[in-house]
Number of protein chains: 2
Amino acid sequence: MSTLKTQYHHGDLTKSLLESASLIIKEQGVESLSMRKLADTVGVSRTAPYHHFKDKNALLCALAEQGFYEQAKMLHSLRAQKNTAEEGFKKYVHAYLEYALQHNETYDLMYGRTLWKAGNPSDSLKAASKQTFKAWIDWVEELQEQNILPSNNTPLRIGQTTWASLHGLARLFIDGIYLDTEDLSDMVEQMIKNLCSASA
Amino acid sequence: MSTLKTQYHHGDLTKSLLESASLIIKEQGVESLSMRKLADTVGVSRTAPYHHFKDKNALLCALAEQGFYEQAKMLHSLRAQKNTAEEGFKKYVHAYLEYALQHNETYDLMYGRTLWKAGNPSDSLKAASKQTFKAWIDWVEELQEQNILPSNNTPLRIGQTTWASLHGLARLFIDGIYLDTEDLSDMVEQMIKNLCSASA
DNA sequence: AACCTATCTTGACAGTGTCAAAATTGCATG
DNA sequence: CATGCAATTTTGACACTGTCAAGATAGGTT
């Protein structure tokens with residue numbers, strides 16, 4: 001038994017790596033995160049990180065997973081507020097996009113091709129994402145009952161399409177296709193109208 | 001004056017490079033396209049491509065630009081068909097997603113972060129994209145007049161949000177987040193309902 | 001025939017991810 | 001307390017990447 005599992009040489013390399021990596025991608029983008037530079041900034045040799053993460057892919061998966069937990073926390077705190085169902089939904093949509101834009105690099109890892117297509121999403125990442133999605137679908141079902149989202153299809157379908165819409169909006173900004181963030185709130189408002197109108 | 005500008009050693013390297021690159025990304029993804037391997041498959045030395053494209057970035061920009069022209073062609077041929085406005089729109093939505101999924105790697109270059117955020121979109125790429133977008137907005141205006149798309153906002157806003165929705169749907173599949181393409185057509189149908197319902 | 005210039009090649013450099021083997025170090029046991 | 005074990009870190013190495021600089025080649029023009 002040990003009191004602190006990773007107090008050997010560095011302190012807590014795993015944690016340090018994640019924090020440093022998170023900072024680097026936030027400030028310089030995922031593509032300029034290299035295992036070697038990361039090791040260097042943490043003050044450790046090139047290959048040390050490989051004893052804490054199998055891969056660069058594994059490191060990125062861990063970052064993405066953190067993102068899902070953060071996002072879930074946000075969702076829960078929003079649902080805890082006493083809002084009308086409609087207000088709650090609107091606030092969530094705004095919050096979703098705010099999160100996406102503010103943590104754009106993490107968002108990209110969570111929902112981008114880096115991990116899901118080009119990479120190899122870890123089992124725990126898949127689990128985290130699935131859980132988030134399930135929570136969303138459950139809420140969609142409620143919102144349908146409350147006549148806020150359209151009921152012309154199953155919760156799954158409505159959940160998929162509305163999520164896709166938010167996701168698409170997020171990506172346009174995140175990926176640098178749209179740059180005037182001034183238009184954003186207007187676009188979000190219009191998107192909400194699009195999503196809700198079918199239930200009116 | 002020369003009859004064939006690039007008949008020197010290879011034939012038409014520029015064209016060969018684009019074709020080969022297009023094939024490689026289609027079959028193996030953008031991330032496994034390397035300038036060196038590309039040069040090799042075309043049968044030319046490592047740095048030969050650099051006399052035809054300043055950069056890897058420039059090569060990718062050219063590929064993306066081609067994509068925009070293809071997509072524009074598709075749009076025009078669809079508008080040439082004699083459809084009701086509504087049918088025309090529906091067909092376009094389906095066609096848009098079909099194109100995105102079939103040419104997923106090109107689509108990613110056209111609308112992804114590789115060029116627009118991490119990279120450096122060329123002027124002609126920007127122009128092509130802007131033109132495509134403008135054509136879309138013009139059409140949206142028509143569709144609003146024909147009461148197919150909602151009129152509760154400007155053509156620009158409606159164009160932005162509906163495009164974002166389609167884009168988001170496309171990305172979910174392209175990026176490997178959604179894998180059951182069986183659900184696709186259902187999701188597209190629902191998406192169309194979402195987009196159009198506000199005008200009913 | 002000579003030259004110019006577009007084209008292509010060879011050599012080189014800095015950077016990447018990551019494997020294998022060696023070195024270090026802290027903890028628990030004899 | 002010493003010894004050994006296992007977790008941790010390092011050094012060395014390899015194959016790969018993009019791309020610059022300098023030289024070779026060869027087609028068209030004068």
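Keep in mind that what you see is a predicted model, and the values were worked out from it rather than measured. Lettering of chains follows the sequences in order, A, B, ..., and the numbering in each one begins at 1.
Here the rule is salt bridge (Lys or Arg N to Asp or Glu O under 4.0 Å) with B/Asp108, and of B/Lys26, B/Arg171, B/Arg113 only B/Arg171 fits it. Here the rule is side-chain hydrogen bond (donor to acceptor under 3.5 Å, both in side chains) with A/Gln190, and of B/Thr154, B/Thr161, B/Asn152 only B/Asn152 fits it. Of the candidates A/Tyr99, A/Trp163, A/Trp116, A/Phe133, A/Trp163 is the only one forming a ring pair (Phe, Tyr, Trp, His ring centres under 6.0 Å) with A/Tyr111.
Here B/Lys37 lies in heavy-atom contact (under 4.0 Å) with sugar-phosphate atoms only.
Near DNA chain D, meaning a heavy atom under 4.0 Å from it, residues 40-47 of chain A has A/Val44, A/Ser45, A/Arg46, A/Thr47 in order of number. For DNA chain D, the residues of residues 15-36 of chain A within the heavy-atom distance limit of 4.0 Å (strictly under) are A/Arg36, sorted by number.
In this structure, A/Ser122 contributes its side chain and A/Leu125 its backbone to a donor-acceptor pair below 3.5 Å. Within the 3.5 Å criterion, the main-chain N or O of B/Ser34 finds no donor-acceptor partner in the side chain of B/Lys56. Using a distance-only test at 3.5 Å, with no hydrogens or angles considered, no donor-acceptor pair links the side chain of A/Glu105 to the main chain of A/Ile24.
Between the side chain of A/His51 and the base of D/dT9 there is at least one donor-acceptor pair of N/O atoms closer than 3.5 Å.
Taking the six-membered ring for Trp, A/Tyr96 and A/Trp136 have ring centres at least 6.0 Å apart.
Taking atom CG of A/Leu13 as the reference point, atom C1' of D/dT10 lies 13 Å away to the nearest angstrom. Rounded to whole Å, the distance from OH on A/Tyr50 to C1' on C/dA21 is 17 Å. Separating the CZ atom of A/Phe53 from the C1' atom of C/dG17 is a distance of 16 Å, rounded to the nearest angstrom. Whole-Å rounding puts the B/Leu38 CG to D/dT19 P distance at 12 Å. In this structure, NZ of A/Lys54 is placed 10 Å from C1' of C/dT18, rounded to the nearest angstrom.
The phosphate of D/dT9 (OP1 or OP2) has a side-chain N or O of A/His52 nearer than 4.0 angstrom.
Looking only at side-chain heavy atoms (C-beta outward), B/Lys90 and B/Val188 stay at 4.5 Å or farther from each other.
What you find for A/Ser129 and A/Phe68 is that their closest heavy atoms are CB-CZ, 3.5 Å.
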